[in-house]
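This report concerns only the one structure given below.
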There are 2 protein chains.
Amino acid sequence: MRKISESTVRRLCGYLRLLEEFQRAGKTTVSSDELALRGHTTPAQVRKDLSFFGSFGKRGLGYDVCDLTERLRDIMGLDKNYRVALIGAGKIGSALVQYRGFSDRGFDIVSVYDNDETKVGTSWGDVAVRHVSALESDLAVAPIQIAIIATPASEAQATLDRLVQLGIKAVLNFAPTQLDHPADVTVQNVNMAVELETLSYALRSCG
Amino acid sequence: MRKISESTVRRLCGYLRLLEEFQRAGKTTVSSDELALRGHTTPAQVRKDLSFFGSFGKRGLGYDVCDLTERLRDIMGLDKNYRVALIGAGKIGSALVQYRGFSDRGFDIVSVYDNDETKVGTSWGDVAVRHVSALESDLAVAPIQIAIIATPASEAQATLDRLVQLGIKAVLNFAPTQLDHPADVTVQNVNMAVELETLSYALRSCG
DNA sequence: TACTATTTGTGAATCATTTCACAAACAGTC
DNA sequence: GACTGTTTGTGAAATGATTCACAAATAGTA
């Protein structure tokens with residue numbers, strides 16, 4: 001299939017969220033116009049995004065909310081659950097473990113790793129913090145599909161290398177550094193400092 | 001000045017980070033090649049990005065590390081400090097307040113607000129949590145330049161509306177919802193569920 | 001000074017994404 | 001069934017971003 005741009009994929013996430021909202025509100029059909037308005041984009045963009053995957057609407061009527069929700073879930077691979085490991089039991093890690101938004105969407109943080117002996121063994125909610133040295137043996141027994149790196153920047157690359165070695169293909173990186181990785185491994189970066197700096201740039205013109 | 005694309009601005013943040021690293025390592029000059037290699041981009045891209053703002057290098061030699069660092073800081077508006085308010089004293093908020101990366105770069109979280117009476121009055125590090133109702137009067141006395149929204153999604157839009165009313169022009173939004181705002185207000189979204197869903201999409205083809 | 005080895009800065013070309021515009025499809029009404 | 005008012009799906013056009021390719025500039029050397 002033709003390569004889909006990342007911006008399209010991100011917009012699809014947005015449509016899905018809106019559709020769920022519409023569903024809760026009892027709406028049964030929705031037009032590209034409505035999706036565009038609520039999703040901060042254009043009707044043409046909505047239709048083009050969807051058209052990469054098929055044609056899900058009815059001309060003159062719009063899209064069936066339930067059907068399109070289903071289809072998008074399927075397209076995005078959100079019909080299954082994912083086992084997620086968190087590496088780094090610091091401030092950010094702690095916030096992530098407790099965040100409902102993940103488990104609500106089928107991303108279950110099943111284990112937490114750290115190299116700080118004082119943290120190892122303690123319980124975070126219903127997951128125990130384990131020593132990173134157990135990573136290899138643990139994953140051999142109970143594989144995971146996604147890893148979250150929330151270590152200091154200095155350890156992030158080494159951590160990623162180990163994860164790659166273990167065959168992990170999807171990583172969410174919170175360490176504020178660009179990581180090298182093979183092309184078949186997807187690394188999504190969340191860098192809050194960059195977001196703030198983008199705001200700083202935007203403020204240049206203001207007082 | 002010509003409108004600069006967001007991708008360019010984000011890359012500039014990356015160059016700045018690399019330059020600081022080079023500086024710590026004692027390097028005095030750097031070429032677009034080196035920046036590109038370490039920054040996961042191309043030399044042409046580096047030069048083009050910089051060329052939007054001027055010409056900072058010496059042909060045949062490359063860029064002076066200190067000088068370019070200085071220039072980029074200036075371009076990005078990172079020569080000043082910013083006063084930041086955090087709205088929402090939940091899990092994410094707590095992680096953000098403690099995160100060194102912000103203050104290190106001149107973004108000082110000077111106040112935290114919540115509408116939960118049991119949280120109001122407690123101290124988070126050296127900032128006390130205040131009731132959101134104090135927002136207007138507080139900002140009249142001590143203005144802020146940037147706000148971070150870390151409330152539940154349901155309250156995010158109302159919170160943003162208030163911030164806009166107060167003249168805030170830059171907002172970092174952690175609530176998993178698209179917010180409406182005037183064109184002269186910049187809102188950067190950090191949506192971790194979207195990042196994970198992007199990974200889910202990337203994993204489609206894998207086992 | 002002349003020559004070499006680099007590396008920048010930038011128009012032009014390529015590639016990607018978004019927007020336009022309109023035929024095709026559908027429900028409702030007379 | 002014919003007509004009307006919608007809204008999709010999609011090539012084509014426009015816009016935007018990245019890459020190419022090369023002249024211009026520089027330091028070093030002899």
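Note on naming: letters A, B, ... go to the chains in the order of the sequence lines (proteins, then strands), and numbering restarts at 1 for each one.
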**OP:** Take A/R59 and A/D49, find for each the nucleotide of DNA chain C with the closest heavy atom, and name the residue whose nucleotide sits nearer the 5' end.
**Re:** A/D49
**OP:** Take atom CG of A/L61 and atom P of C/dA24, then tell me their distance rounded to the nearest Å.
**Re:** 19 Å
Subject >> Of the listed nucleotides C/dT19, D/dT8, D/dT18, the one nearest the side chain of B/R11 >> reply: D/dT18
Original post:
Where does the angle between the aromatic ring planes of B/Y82 and B/F107 fall among parallel (under 30°), tilted (30 to 60°) and perpendicular (over 60°)?
Top reply: parallel
**OP:** Using a strict cut-off of less than 4.0 Å between a Lys/Arg side-chain nitrogen and an Asp/Glu carboxylate oxygen, indicate whether A/R162 and A/E155 qualify as a salt bridge.
**Re:** no
Subject >> Interatomic distance, B/F56 CZ vs C/dG9 P [rounded to whole Å] >> reply: 8 Å
**OP:** Please figure out whether B/S51 or A/T8 has its closest DNA chain C nucleotide nearer the 5' end.
**Re:** B/S51
Original post:
Please give, in whole Å, the distance from D/dT10 C1' to A/L50 CG?
Top reply: 13 Å
Original post:
Which of the following nucleotides, C/dC26, D/dA17, D/dT19, is nearest to the side chain of A/K58?
Top reply: C/dC26
Subject >> Rounded distance in Å - CD1 (B/I4) to P (D/dA17) >> reply: 10 Å
Original post:
Can you tell me how far P of D/dT18 sits from CD of B/E6, to the nearest Å?
Top reply: 12 Å
Original post:
How far apart are the C-alpha atoms of B/D161 and B/Q165, what are their side-chain angles, what is the distance that settles it, and do they pass the side-chain hydrogen bond (donor to acceptor under 3.5 Å, both in side chains) test?
Top reply: CA-CA 6 Å; B/D161 293 346; B/Q165 202 65 44; over 6 Å; no
Subject >> Length of the line joining B/R47:CZ and C/dT6:P, which is rounded to integer Å >> reply: 15 Å
Subject >> Atom-to-atom span, CZ of A/F52 to C1' of C/dA16 - whole angstrom >> reply: 10 Å
Subject >> Interatomic spacing from CG in A/D49 to OG in A/S5 - rounded to 0.5 Å >> reply: 7.0 Å
Original post:
Once you round it to whole Å, what is the distance between P of D/dG16 and NZ of B/K48?
Top reply: 15 Å
